[in-house]
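In what follows, a structure is listed as structure tokens, so that the remarks can point back to it.
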Amino acid sequence: MVYSIIIHTLSQLIGLLAEILYYYIVLRRYLQKNFLGGVKMSRERWSSRSIFILAAIGSAVGLGNTWRFPGQAYQNGGGAFLIPYFIALVTAGIPLLIMEIAIGKKFQAGAPTAFRKLGKKKGFEWLGWWPLATSFAIVAYYCIVMSWTFNYLWHSLTLAWTKSSSADFFYGDVLRLSDSPGNLGGLNMPLVIGLVLTWIFIWFSIRNGVKSMGKIVKWTVPLPIILLIILVIRALTLPGAIDGINYYLTPQWDRLKDINVWAAAYGQIFFSLSVLFGIMVAYASFLPKDSDVPTNSMIIAFADCLLSFVAGFAVFGTLGFLQQTSGTAIADMSITGPGLAFVTYPEAIAQLPGGLWIQVVFAFLFFLMLLTLGIDSAFSIVEGIVTGLVDKFGWDKKKTVAGMCFVGFAAGLIFATNAGLYWLDIVDNWVNNFNLILIGVFECVVVGWIYSAKKLRNEFNEDSNMKFGPWWDFMIKYVTPLSLLGLNILFLIDSFKANYEGYATKHLLIGGWGIVLATIVFGFVFTTLKGKDLEEEVN
Ligand code: PHE
């Protein structure tokens with residue numbers, strides 16, 4: 001009797017529990033579907049709008065502003081370069097930045113998942129993986145530049161480059177550059193150590209996702225800006241600075257006829273704004289769904305371009321000074337690639353008036369600026385990739401970050417060999433000047449024509465004080481993809497005319513076309529893998 005009462009009560013209790021569980025599941029699904037748009041309840045969030053803006057500026061403002069921009073201006077017509085640069089900003093940079101932030105915010109996911117949701121079924125997921133694979137190649141070599149910077153931070157304590165010529169010091173002592181890409185030699189230990197430090201720094205910054213990133217960017221964004229301002233003031237007060245500034249701002253108009261100057265301007269805008277890498281999609285996916293996209297994007301773009309412009313004053317002011325002390329005209333300094341930051345600038349610093357201490361302090365500040373500028377750009381790339389992986393496969397974020405840092409470090413070792421600079425040069429050229437541009441064409445077609453530019457615009461306008469008109473659709477549908485396509489064709493013609501920088505064909509096939517192909521294959525393979533996000537949607 002007693003037993004049957006107990007059994008009866010127990011079975012009723014179990015039935016009740018099962019019912020509660022059932023209703024809990026139904027309610028949770030209902031809430032997720034109707035109020036959270038199918039998003040997991042626990043998605044990370046930026047602690048505030050300004051932290052998001054700061055992080056995005058951190059990603060955009062990097063080595064690209066301080067050495068790439070002035071270097072490009074130097075090679076492409078001085079002040080005249082500012083015109084294609086500005087046109088590229090308006091016709092492609094800003095429209096794409098808005099597009100990526102709008103997509104990330106709307107779909108609340110990293111690039112692969114966002115692009116999948118944007119189309120039907122798995123349709124465009126590859127368009128998310130492809131840029132992530134591309135940015136992986138970039139972060140591998142970006143970190144070696146950070147490693148050089150770590151090394152120079154150390155060498156600036158003794159102004160080590162003054163013992164021989166600054167060019168010999170860089171290519172010889174620091175890089176130990178061999179005579180061809182095929183001649184790898186061994187690993188260059190100081191560079192490997194710098195690489196380890198860089199990756200530890202990256203891991204530390206993003207190990208707790210958006211939360212730790214938010215704390216780091218409060219330092220890594222303002223600090224280099226303050227340092228830059230100090231360097232600008234120092235540069236402008238040097239003898240001869242005004243000649244440098246004149247060189248910077250005086251347009252060589254005839255250079256505008258050269259189509260390559262235009263190509264360089266577009267390339268610079270994408271690299272500098274960090275668009276087409278899937279990063280802005282990832283960053284924006286941590287924004288609340290009602291965030292203001294256009295205003296945020298305009299602030300980010302404006303800050304980035306302003307800083308590039310200001311950095312030009314520091315660099316050209318210093319070049320003017322160097323012209324006076326060395327007697328070599330600025331136009332004849334033949335500065336290319338990393339030469340500006342690691343050869344010319346250190347050389348100028350070693351001649352600053354005020355004695356050894358002042359020179360050491362300015363050298364140290366300069367490399368500290370490069371380091372703090374670059375680090376948030378580097379970790380933004382890793383965060384973009386990690387977000388894509390975590391959103392699709394539901395992996396543990398901490399472990400994914402650690403794993404990615406390790407893989408990124410390992411991939412970067414090739415650049416720490418004696419032929420590292422050659423491989424960097426080849427990969428950088430193909431990835432930035434061809435692969436990314438092609439990604440841009442596809443993104444514009446998919447968003448502009450298939451998803452509909454107008455639809456996306458109406459969506460982001462809804463939450464914004466700053467409303468964008470139909471000109472945005474026009475850019476995304478016609479102007480941006482067509483100008484990008486033009487650049488791609490130009491690249492192809494150039495690369496068939498002559499081997500880039502005279503490298504052997506086999507090396508270009510590996511480091512150039514090989515990498516491009518690898519990113520595409522990677523994009524398709526990752527799309528076919530089964531993810532957790534799709535299961536959630538089906539449920
Ligand atoms: N925008 C960064 C810079 O100007 C570089 C970067 C490229 C960052 C690609 C992220 C992705 O240095």
Side-chain angles (χ1 to χ4, degrees), residues 54-73 85 88-89 92-94 96-97 100-101 104 110-111 130-146 148-149 198 202 205-206 213 217 220-221 224-225 228 264-284 297 300-312 315 337-338 340-341 369-388 404 408 412 424 427-433 435-437 439-440 519:
L54 215 56
I57 291 179
S59 171
V61 177
L63 304 176
N65 301 63
T66 37
W67 62 262
R68 211 170 182 277
F69 174 80
Q72 294 286 332
Y85 181 77
L89 173 70
I94 292 178
L96 285 173
L97 185 64
E100 293 208 343
I101 294 185
W130 184 15
L132 294 194
T134 308
S135 63
F136 178 76
I138 293 186
V139 78
Y141 74 70
Y142 202 82
C143 287
I144 204 74
V145 182
M146 302 285 292
W148 302 344
T149 313
T198 306
I202 292 179
S205 309
I206 58 174
M213 251 180 339
V217 293
T220 54
V221 176
I225 296 180
L228 179 66
Y266 275 84
Q268 174 59 23
I269 280 286
F270 299 139
F271 186 83
S272 189
L273 288 180
S274 307
V275 288
L276 302 179
F277 296 87
I279 294 171
M280 292 299 174
V281 179
Y283 272 22
S297 310
I300 296 161
F302 181 72
D304 183 50
C305 292
L306 183 69
L307 279 167
S308 289
F309 186 62
V310 171
V315 168
L340 186 57
M369 176 188 79
L370 286 191
L371 210 58
T372 47
L373 267 180
I375 196 73
D376 38 19
S377 299
F379 72 60
S380 74
I381 302 185
V382 184
E383 176 64 27
I385 301 174
V386 167
T387 307
M404 268 313 299
L424 188 159
V427 175
D428 174 69
N429 187 49
W430 259 263
V431 160
N432 280 306
N433 299 342
N435 209 12
L436 274 181
I437 309 276
I439 291 173
T519 60

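When a ligand or atom number is given, it counts from 1 through the structure's own listing order.
Ring pair Y142/F271 is tilted by interplanar angle, where 30° to 60° counts as tilted.
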Trace of the side chain to side chain contact (heavy atoms under 4.5 Å, CB included) decision for M404 with F136: CA-CA 9 Å; M404 268 313 299; F136 178 76; 3.7 Å; yes
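In plain terms, the two heavy atoms of L96 and V275 that are nearest each other are C-CG1, 4.2 Å.
Annotation: the span from L273 atom CG to I300 atom CD1 amounts to 9.0 Å, rounded to 0.5 Å.
Enumerated by chain and number, the residues approaching ligand 1 to less than 4.0 Å through a heavy atom are S59, A60, G62, L63, G64, N65, Y142, F271, S272, S274, F277, I279, S377, S380, I381.
At distances below 3.5 Å, not a single donor-acceptor pair connects side-chain atoms of D376 with backbone N or O atoms of A55.
Put simply, the side chain of N65 reaches to within 4.5 Å of the side chain of S272, judged on heavy atoms.
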